[in-house]
Every structure is written in C-alpha cells, then in structure tokens.
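Contents: one structure, followed by commentary.
Predicted model, so just to flag it, every value in this text is computed and none were measured.
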Amino acid sequence: MRARTPLAVAAVLAVALAACSGGTESSSSTSGSKGCPLAALDRAKQPVQIRFWHVQTRANLDELRRQTDAFNASQSKVHVKLVDQTGYKEALQKYKAGLSNGDLPDLGQFEETAVQTLLDSKSTVTLQDCVDQDHYKTSDYIPRTISYYTVGGALRALPWPVSNPILMYDKKKFERAGLNPDRAPRTLDEVREMSRKIVASGAAKYGIALRTQDYFNEFLYAKAGQQYVNHDGGRNGRATKAELDNPTGKRIWTWWKDMVTSGLALATGSTEGNFDNLLSIGTGDAAMTIDASGALGPILQVLNSGQYPGVDLSAAPLPSLKPGGGVPVGDGSLWISNRVAPAKQAAAWQFAKFLEEPKQQAALAAATGYVPVRQSAVHFPDLQAFWAKQPAFRVPYDQLLAPGGPAADGSVIGNYQGVRDAVRDGLTAMLTEGTSVDDALAEAQRNADAAIQSYNDRIG
Amino acid sequence: MTFSGDSGTLGALADLGEADEAEARTPRQRGKRFGRRRRREIGLAYLLILPSLLIFGIFVFYPFFRNFYLGFYKTPPFPGLPTRYVGFDQYSNVLTSQDFVDSLKTTVGFALLTVPAGIILGLLLAVLANQQLRGVGIYRTIFSSTIATSVAVAAVIFGTLFNPVVGLLPWIGIDPKPPILDNPNLALFGVAIITIWQTLGITFILMSSGLQSIPDELHEAAQIDGAGPVRRFWRITLPLLSPTIFFAVVVGSIFAFQTFGQIDILTQGGPIKRTNVLTYFIYKTLRQDSNDGKAAVLAIALFAITFVLTLIQMRVLEKRVHYGR
C-alpha cells in the first residue's frame, strides 16, 4: 500500500501531537518511560497527590472511600483523590481521549477486557518492573488473578476487584420439585434434567432464566477448556482469529438453544441494565439463573426485602459442559499510567499495594461480595464470619481457586467488545429468530474475526 | 481535486444562496451613481456577517472539511500511532459494507415509522383541540405536555412500561416473547413509539398554530354552501395547513435521522443491530471501536443523506404546497 501524507494533514497531526504533549506532566516523556520509578516518591515534594479513576458505586464505593481515607490517614507521603467514572466502558473511552488531551489518571480501574487495548496504547507502567524492584511477593494471590494479567511473561496490572459468574438458585423451589436443595447442578446436562423436574412439578414456570449475556459464553468455553481466540488466547502472540465455531462451541450453543426452545429456560434478553433474570427468581418464573457474583449483594437485598417471601437463595459454581474446569477472572484491574510524573507513578504503586493487602481484600469481600484476591485474606475473622452467615459469597472464591487448563487464564483480545457483540448477536439470532446453531456460530465467528482484524489492521 | 466528491452538494448550496440574493438585489441594481455607496454598503454587510461567518467557519465548516479529510485515513485505536492514507478506499469500503446498508435501511424504516404517524396523530389532536369548547385549554396543555419531556425521561418511562416483569404492557396482556425491546422484530417499533410520543407535543403545537391561522370566514362560507365538517377538513383545512405539514415533514425527517438518545438508553443498537440507526452506528464506531476514520465516513454519509433528503423535500413538496396568504 502506498503511504502518502499530504502537507495539510502533517500540519494537523503536528498540532495534535503538540496538544498531546502539552497536556501531559512536564517531567515525563510521552513515549512512555521504561521501568518503575519507585525512588521518585522519596525525592518528590510530599504529599504527592494522585487521582484514582474508579467505577465503584453504592456499597462498593462506600468501602473504597473508607479504605482510601484509611490510607490517606495512615501515612503522609501520598494523598489519593477518588474520581468517579460512570462505568468501565466510559472510563476506557475517557482514557483513550485522555491520551490526546492529557486528562489521564495516575491510577485507573479498567475492565478485564481492556488488557490488549491498554497494552497497545503503551501508556501504562509494566507492573512487573515494580514487582521486581520492590521485591513484591505475588505468591499469596489466587494464581489465576496474576496469570490473567500476565502477558508476554510480565505482569501488567493488579487484579482489583474480582468477580465471576455463578449459578444462583432458590432452595425452596428445589425442595418443591423434589430435588435435593443442597445439590446444585454441576454440568449443563444436569441443569437440563433438573429444569425438567422443576417445570414438570410446577415449582416454577422455567427451570433457569438465562440472560443472552456474551461473557457467560466466555466462561462456559473456558470451563470446557476451549480457548476463545487463537495463539493460546492471545497470550502467545497477538490474537488474529476467534475460536468460536468448533465442536465445544456447538455443544454449548446447542444446549442453550434446546433449553430455550423446549421451554426449560427463559431467555431474558441482552439489553444493558436488564436484570429480569434475577427478578424472575423472586417472581417465581424461574428456579435458577446465572449472573455475576457481584450481583449477589443487590439480589439478596431485594429478595430479603420481604417483597418476595418464600425464596431462599443459594449459589453454586457455574455449571460446565463437563465436570470440573476453571474460570478466568472477571471485573476490574488497576493500571498505572506512565504518562504522569514518576513520583505519581510511584505513589500510585503504593496505593495499589495497599488496596491489595489481605486486610483490605478481606474487608472488601465482606462488605461487597467481591472475591478476595489474596488467599491469606480468608483467615480474617470478619470475612470468615460473613461467609459463615452467607455461604453464597464464598462460591466465586472457591470457583476461582479451582484448577483449570490454559483456557481458564482467559483471553487477551484487541477489540474484545467487538467479539462480545458478535457473540451476543449470534446468540440472540439463534434464540429469537430460529437461526440454526451452525449458522449462528458461523456468523458470530465471522463477525468476531472481522472485529479482531479491523483492530489489528489499524494497530499497524 | 481532493474535495471533488463534495462539489455537488456545495454547488447546490451556492445555487440556493444565489437565487435568494438575486431576488433581493434586482430593484436596487439601477444606475451607476449609487456605485460608491453600494460598495460601502457591501463592505458593511460583509463586516456584519463576518462574526457569524467566523463562528460557522470554526465550528461548522472547518470540522466538516476536517472530517471529510479524516475519512481518507485508516486511524489507529489511540492517538500516537501512525495513521495510514487509504484515500477513497475507505469511503467505498464503508459505504458498500453490509453493516452500513443495514443501518441505512433501519434509519429509513425508523423515519417512515415515526414521521407520518407523528404528523397524523398531531394533526388529529390539533383538530380536536381546535374546537371552541369550555376547558379545551386543559386538553391543549395535556396534548402539548410531551414537549417538556426530555428524550432520556421518555425513554426511561417507556422502558419501564415495556418491561416484561414490572411493566404495564404485560399487565394488560401485551407480552410478546421475547419482550418488545429485546425482540429483533419489535424493537424498532418500540423505539418508534417512544419517539412518536415524545415529538407529539411539538407536532401538536405546530399543527394548532397552523389551524389557528386559517381564517374563520372560509369555513363559514363553506358551511353556508353546505359543506360538512369532513368535506371542510379535506377541502379547506388540509390545503391551507399544507405549509405547516410540509415544515413538520422536513423537520421531523431530519429529527428522525438524528435520533440517538432513546436508542442509546433502551437498546444500544440491538438486538442483532435491528435498531442500529446511523447516528448510533457512528457513535459506536467512534467510541467503542475507536475507528475515527470509519466514523468520519459514516458522518459524511449521514450529512449527505439528510442534505439530499431536505433538497428533495423542498423541491418536490414545495410545488404541492399551498402558500396562499
């Protein structure tokens, strides 16, 4: 391809670049400094102010505020200011815009899907450098929380906070259907069998309420040991193709379609902010559902409000195609920008380490239902008491600790959201338009490939 | 050379402007002794339009051409990486892609669903509220109240009404599976209904003001000649209202092509891209895929389409419109 840059564009680009470099902190280089400038914190005028972009809300935000205040009060070198972002997508969009206008956080919380995008932006500190220089131990972490954020042999971000999808079910409806309420289905086949009994007994209209949720599909693939994209999930070289259309995928999608067409599962759509699958447990439409463990707190709050008496919600690991298998981490991670002053990078590392301490992780898990990423956090009495009272909250932790193959490390994909959209549209077509499993999977594969290729093409 | 693709639309713009000017100028263009004064006047005129020209230049024309230019480039997902010149390839690729064609069909479908229905309903309400009755003011207020509702509020209200678990529609028995906004075949209708409802207020006000400008004598004369209310509506009201209707069609279509809020709040372009109207397609391409070059092409396409549409409506409808005042 012939590359030609007309003068006018060169001029415009020059202006844009000038604006870009003008907006960043004076002492840092825009090309991205190498390494982790730990020593800069002691040299700087203290306290060093840093801004943390996060997407926590409600109870989660209260806990973050509490921990941040504790951190600010505990030492005088670093002062953290929380900056609320409306959501993961918005935060990433704002970050991308910030790369040209200079409005960047010192520490940022981004979704697990943002890894490749943030790496390609070359605007973040490789945390492996900080780990090495600071002799920071990661052996206490749940292994998969570290392996997920390790790309090219180096740790890129710290997991915070972590959740994953689990099976939620109503014990009372299980009892009414003559099922053992303490024995949740472990495989997709068992989900089908139990749903049949639940529907036949009239305990609920449907066995399970299934959101047409693209990321559930990722976890079902991972638990079945199937990578989502090529090159070992994008960890052994950049992913160039999705791996959706294969025998494993066909079995999962066939199960999904059969469940819905045979009236055993209620498909509750895919629009954002739609929690009908959770509500259906309360209204008696369904006995089971799958949702993120982060939804446990809110749903228990609603179910215990007295509006839906006679519901006894319990949780179990995500059912899988075959018994066993591990799940990747879901939710957020902490990234340090390398476009800010070295002292701020070092300060952000100090705060990130604080948030990852077992004590803070235990408190976060007890207050919100997130998975504590540190194994020693489990020994804190508060968390033990909380889990004893609400055993459902322990499920995502055990699930993440369970062994799994390489697929359970999750994927690194450039346009991750594009792949998710392709999967969601394929599932929707299959469930609502009568598209065959083969056609729906082929279409999803095509669209996912196109999304990945368009991104890779533009990275150059 | 670079902008040759656009000279057509710009030319059309210039034609329009010249036609207006020519009309205004003719009576004054006599004799050369006014020459000097005229030149001063022209100078003053240019000086007076300079501020608006400057504002339009900075905020409309420059971004427009910059946008057009951006369409020639394959842009990286973040600033800082090299952009690649691909010329008209990007225009032809994007504008012939299935996604674009689908989005265009959706957008046209959306306009066809919302504009005529909105105008007919607005007209109906306006005719009803145009009676000389006691307390009709209350009805006028009610009918025009949606004008005070923002798109976001309307979307949330209808989102709740449509909700399959707690909504009103399932309660009265309208409960399609999958629910309206998750149903590939119904989602566009759902969003259209919201839009019709939300624009009803402004359409009603437009139509009412149009009705009130029709002289009563015409109706009285027709009544004396023995014309019934239906005949009077078709023979007097409608022809005399045609300028208002024409205006509502033009503005309504442009509005329909720029619909965004209710789509973003309720369906995010889904399910299966069935509500992926052009504006939302542009937004998603720009914000989610960070594909600025492609988004620029789409934006130019949207501009060209609304522009041509406006021209067609002005040229074609103008001839059938009764402007007798």
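- Contacts from residues 420-435 of chain A to chain B, taken as heavy-atom pairs separated by less than 4.5 Å, involve A/Asp421, A/Arg424, A/Asp425, A/Thr428, A/Ala429, A/Thr432, A/Glu433 in sequence order.
- Around CZ of B/Phe56, the count of heavy atoms belonging to other residues, nucleotides or ligands within 6.0 Å does not exceed 12.
- Minimum heavy-atom separation, A/Lys96 to B/Gln288: NZ-O, 3.6 Å.
- When the candidates B/Pro184, B/Gly87, B/Pro271 are compared by the number of heavy-atom contacts under 4.5 Å with chain A, B/Pro184 comes out ahead.
- For the options B/Thr75, B/Leu266, B/Asn291, heavy-atom pairs under 4.5 Å to chain A are most numerous at B/Asn291.
- Two residues are said to be in side-chain contact when any heavy atoms from C-beta on lie closer than 4.5 Å; B/Ile272 and A/Glu443 fail this criterion.
- Atom CZ of B/Phe255 has 12 or fewer neighbouring heavy atoms from other residues, nucleotides or ligands inside a 6.0 Å radius.
- Looking at B/Lys294, neither its backbone nor its side chain comes within 4.5 Å of chain A, counting heavy atoms on both sides.
- A 6.0 Å sphere centred on CZ of B/Phe189 holds no more than 12 heavy atoms belonging to other residues, nucleotides or ligands.
- Most heavy-atom pairs under 4.5 Å with chain A, from the set B/Arg287, B/Lys273, B/Lys74: that is B/Arg287.
- B/Pro77 places none of its side-chain heavy atoms less than 4.5 Å from the side chain of A/Asp120.
- Going from atom NZ of A/Lys122 over to atom CG of B/Leu81 covers 6.0 Å, rounded to the nearest 0.5 Å.
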TODO: Evaluate salt bridge (Lys or Arg N to Asp or Glu O under 4.0 Å) for A/Asp457 paired with B/Arg84, printing each intermediate quantity in order.
DONE: CA-CA 10 Å; A/Asp457 188 29; B/Arg84 191 150 29 100; 3.4 Å; yes
Open item on the list: Between B/Asp289 and A/Ser454, does the side-chain contact (heavy atoms from CB on, under 4.5 Å) criterion hold? Intermediate values first, please.
Closed with: CA-CA 9 Å; B/Asp289 302 342; A/Ser454 157; over 6 Å; no
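- Heavy-atom pairs under 4.5 Å with chain A peak, among B/Ala187, B/Gly159, B/Ser290, B/Gly269, at B/Ser290.
- Between chain B and the residues A/Leu266, A/Thr212, A/Leu279, A/Thr117, the most heavy-atom pairs under 4.5 angstrom are made by A/Thr117.
- For the pair A/Ile459/B/Phe78, a side-chain contact is recorded, criterion being any heavy-atom separation below 4.5 Å from C-beta on.
- Heavy atoms closer than 4.5 Å to chain B are found in the side chain of A/Thr283, but not in its backbone.
- Crowding of A/Lys205 atom NZ: a count of heavy atoms from other residues, nucleotides or ligands under 6.0 Å not exceeding 12.
- Contact count versus chain A (heavy atoms, under 4.5 Å) is highest, among B/Ile265, B/Asn163, B/Leu181, for B/Asn163.
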